[in-house]
Amino acid sequence: MRSDVVKKGIARAPQRSLFKALGFIDEELSRPLIGIAVAKSEIAPGHLHLDLIAKAAADGARMAGGVPVQFPVIGVCDGIAMGHEGMRYSLVTRELIADSIECMAMAHGFDALVFIPNCDKIVPGMLMAAARLDLPSVFVSGGPMLAGRKSGGAPLTLTDMFEAVGAVGSGAMTEAELAELENAACPGCGSCAGMFTANSMNCVVEALGMALPGNGAIPAVMAERVRLAKKTGALVLDVLKKDIRPRAIMTETAFMNALALDMALGCSTNTALHLPAIAHETGFALDMALINTVSAATPNLCHLAPAGSAVIEDLHAAGGVPAVLAELAKKNLIDVAAPTVYGALQDSVKHAVNRNTAVIRPIDNPFSPTGGIAALFGNLAPDGCVVKQSAVAPGMLKHEGPARCFDSEEEAFDAIMGGKILAGDVVVIRYEGPRGGPGMKEMLAPTGALAGRGLDDKVALVTDGRFSGATRGAAIGHVSPEAAEDGLIGLLRDGDRISVDIPVRAITALLSDAEIAQRKREKAPFIPRTCDPRSYLARYARHVSSAAMGAVFK
């Protein structure tokens with residue numbers, strides 16, 4: 001056993017004495033040590049209950065003959081961090097999470113790992129660690145939050161809260177109505193109830209083969225989620241016995257399956273940032289052009305919030321991720337022979353039933369013949385940018401309008417709330433990329449404000465930053481190269497005409513080559529945003545690559 005390095009032989013008597021200080025007995029020290037990386041905290045609703053999930057996973061591991069050992073993992077709540085300086089500290093934690101898990105696993109000689117994430121950057125950070133360490137590993141998330149309910153019974157999610165802010169600003173909603181929504185939108189623990197980044201990634205983990213069926217959609221409050229965690233804890237001992245390693249699971253085929261599921265579900269655009277970063281750890285290059293290749297072949301089968309009114313609990317009731325994969329398998333759009341931690345993907349698909357064809361459209365009757373995400377290219381984004389096309393109003397799939405340029409999210413939000421953005425405009429937010437931000441903030445506040453003011457089907461938003469999975473509308477992010485890396489987005493001026501054509505995957509600034517060259521000559525050098533040179537943000541800015549490469553460290 002790998003853990004023998006910390007517990008076997010005369011030379012390890014000092015280490016054994018420390019284990020015994022923890023309450024271990026000799027029989028336990030003869031068994032496999034199972035590290036349980038758990039992101040439990042009291043600041044994120046998605047992580048509030050992870051102690052219960054971790055205990056269930058530990059019970060399963062102990063029943064199967066292992067010795068479970070929990071250790072903590074950090075996790076930013078993106079919803080709380082949204083709209084202020086704290087959001088610069090969200091994406092950057094992905095690398096911290098991967099690095100810290102590597103440190104804990106290598107220092108303490110774990111034989112295998114159970115990963116318990118739930119929200120946003122924690123899932124990809126843990127997947128990156130699993131791929132890097134290549135120790136036998138299984139994932140189980142904390143599960144999605146139940147939707148809130150309006151007084152009339154319609155579902156509420158965090159999207160509604162951000163859009164309500166814009167509605168109050170325009171006079172379409174009172175502050176009393178806002179307070180009513182505030183008290184109802186997020187009813188308890190779990191990752192926010194729509195197909196936002198957290199739930200997108202937890203569903204994708206199933207397609208990657210790193211978790212049992214149900215990981216993505218079983219609600220957090222169900223006993224079924226606790227049972228899934230127990231099964232996961234027991235499963236990791238079997239994975240260890242068979243020496244099944246993450247890089248043998250997360251192959252090129254697995255990433256193609258994950259992309260196909262992504263397109264069918266209409267996942268968050270953040271998957272276009274995280275999947276390349278995870279693939280990078282396995283040695284597989286996943287670029288934006290591949291996203292379009294898969295999107296062109298994969299129908300969009302689900303319109304989950306924010307693209308539609310259905311929420312994740314509806315997806316679970318309809319059959320969950322296995323039912324979506326089964327629909328894709330009917331047209332050979334996934335490889336069901338791909339290995340997983342429990343066998344092959346076929347073992348999930350063969351038992352799946354689509355119980356609600358309004359939530360999971362049959363493969364022959366999709367919402368659209370192409371996938372939920374598209375990558376756009378052009379002089380404004382030669383390395384690419386991304387949009388959640390399944391959440392774009394039909395009238396905005398093609399749009400041309402004048403640029404309204406802002407050098408920060410805050411400037412743009414103030415202009416929107418001040419009524420300075422008009423129908424037809426293209427809001428440009430720059431210097432919010434991985435390096436320029438630094439930290440590549442999610443920007444749900446401006447997109448929510450646009451939607452709340454009734455402009456989400458009349459205004460496009462283009463940025464070198466990124467958007468929350470809760471965003472809807474013609475919100476185009478990850479523009480690469482970013483402004484801080486001399487991208488054309490940094491040269492735009494108010495009034496420049498911007499053309500967006502999502503069906504043909506194009507985004508263009510209608511400027512002549514001569515005009516662009518002149519502006520490059522006139523442009524002042526990039527001055528980084530003021531931040532403490534001793535800070536993690538400053539170090540992050542020095543090392544991070546472009547969004548087109550997954551914003552991994554160079």
Side-chain angles (χ1 to χ4, degrees), residues 117-118 123-124 127 138-144 190-191 193-220 222 224-225 227-229 231-232 235 249-250 253-268 271 274-275 294 298-305 307 310-331 333-336 338-357 359-363 366-367 371-373 390 469:
N118 214 23
V123 187
L127 284 166
V138 187
F139 278 67
V140 59
S141 77
S191 48
M195 187 50 75
F196 312 149
T197 305
N199 293 324
S200 295
M201 290 305 303
N202 284 322
C203 288
V204 161
V205 173
E206 287 191 49
L208 280 174
M210 290 299 296
L212 285 165
N215 181 73
I218 298 172
M222 285 188 170
E224 187 179 357
R225 173 63 58 179
R227 297 197 298 270
L228 184 74
K231 291 177 182 176
T232 300
L235 176 63
I249 300 291
M250 290 192 281
T253 297
F255 281 100
M256 296 299 284
N257 284 342
L259 280 173
L261 177 70
D262 188 334
M263 299 305 161
L265 286 173
C267 289
S268 164
T271 58
H274 298 318
L275 283 173
V294 177
T298 310
N300 177 225
L301 304 181
C302 300
H303 268 190
L304 300 159
V311 289
I312 303 299
E313 64 199 75
D314 297 321
L315 176 64
H316 173 61
V321 170
V324 180
L325 292 173
E327 292 291 346
L328 295 174
K330 291 175 183 177
K331 297 286 188 180
L333 295 173
I334 58 167
D335 186 344
V336 297
T340 72
V341 289
Y342 55 85
L345 204 59
Q346 175 64 36
D347 297 328
S348 171
V349 170
K350 68 184 179 183
H351 299 299
V353 177
N354 186 349
R355 302 185 185 93
N356 188 339
T357 56
V359 174
I360 303 172
R361 287 278 189 93
I363 194 71
F367 282 102
I373 294 178
S390 60

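The first residue of the sequence shown is numbered 1, and numbering continues consecutively from there.
Listed by chain and number, the residues in a side-chain contact (heavy atoms from CB on, under 4.5 Å) with Thr271 are Ser200, Met201, Asp262, Cys267, Leu275, Ile373 (sequence neighbours excluded). By the side-chain contact (heavy atoms from CB on, under 4.5 Å) test, Ala260 is found to be paired with Val294, Thr298, Leu328, Ile334, residues two or more places apart in sequence or in another chain being considered.
Between Gly469 and Thr197 the shortest heavy-atom distance is N-OG1, 3.6 Å. Across every non-hydrogen atom of Arg225 and Ser141, the tightest pair is NH1-O, 3.0 Å. What you find for Ala220 and Gly190 is that their closest heavy atoms are CB-CA, 3.7 Å. The minimum heavy-atom distance between Val336 and Ala329, with the atom names listed, is CG1-CB, 3.9 Å. Between Ala211 and Tyr342, the shortest heavy-atom distance links the atoms O-CE2, 3.4 Å. Annotation for Glu206 and Gly216: closest pair OE2-N, 2.8 Å, computed over non-hydrogen atoms.
Interatomic distance, Asp335 CG to Met256 CE, rounded to the nearest 0.5 Å: 10.5 Å. Note: Leu208 CG to Thr253 OG1 = 11.5 Å, rounded to the nearest 0.5 Å. Note that the CD1 atom of Ile363 and the NZ atom of Lys330 stand 8.5 Å from one another [nearest 0.5 Å]. For the atom pair CD (Glu313) and CD1 (Ile218), the distance works out to 13.5 Å, reported to the nearest 0.5 Å. Taken from CG in Leu265 to CE in Met195, the straight-line distance is 4.5 Å, to the nearest 0.5 Å. Taking CG of Leu333 as the start and CG of Leu261 as the end, the distance is 11.5 Å to the nearest 0.5 Å.
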Practice problem: Take Thr232 and Asn215 through the side-chain contact (heavy atoms from CB on, under 4.5 Å) test and state the conclusion after the steps. | Solution: CA-CA 10 Å; Thr232 300; Asn215 181 73; over 6 Å; no

Quiz item: side-chain contact (heavy atoms from CB on, under 4.5 Å) between Phe367 and Leu301: does it pass, once the steps are laid out?
Solution: CA-CA 6 Å; Phe367 282 102; Leu301 304 181; 5.6 Å; no

Quiz item: Yes or no on side-chain contact (heavy atoms from CB on, under 4.5 Å) for Val204 and His274, after CA distance, side-chain angles and deciding distance?
Solution: CA-CA 11 Å; Val204 161; His274 298 318; over 6 Å; no

Exercise. Could you please spell out the steps behind the side-chain contact (heavy atoms from CB on, under 4.5 Å) verdict for Leu127 and Phe139?
Key: CA-CA 9 Å; Leu127 284 166; Phe139 278 67; 3.6 Å; yes

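For Asn354 (side chain) and Gly319 (main-chain N/O), no donor-acceptor pair under 3.5 Å exists by modelled atom type. The backbone N or O of Ala207 sits nowhere less than 3.5 Å from a side-chain atom of Asn257 that would complete a donor-acceptor pair. Within the 3.5 Å criterion, the main-chain N or O of Val311 finds a donor-acceptor partner in the side chain of Asp314. In this structure a side-chain-to-backbone donor-acceptor pair under 3.5 Å is present from Asp347 to Ala344.
Cys302 places a side-chain heavy atom less than 4.5 Å from the side chain of Ile360.
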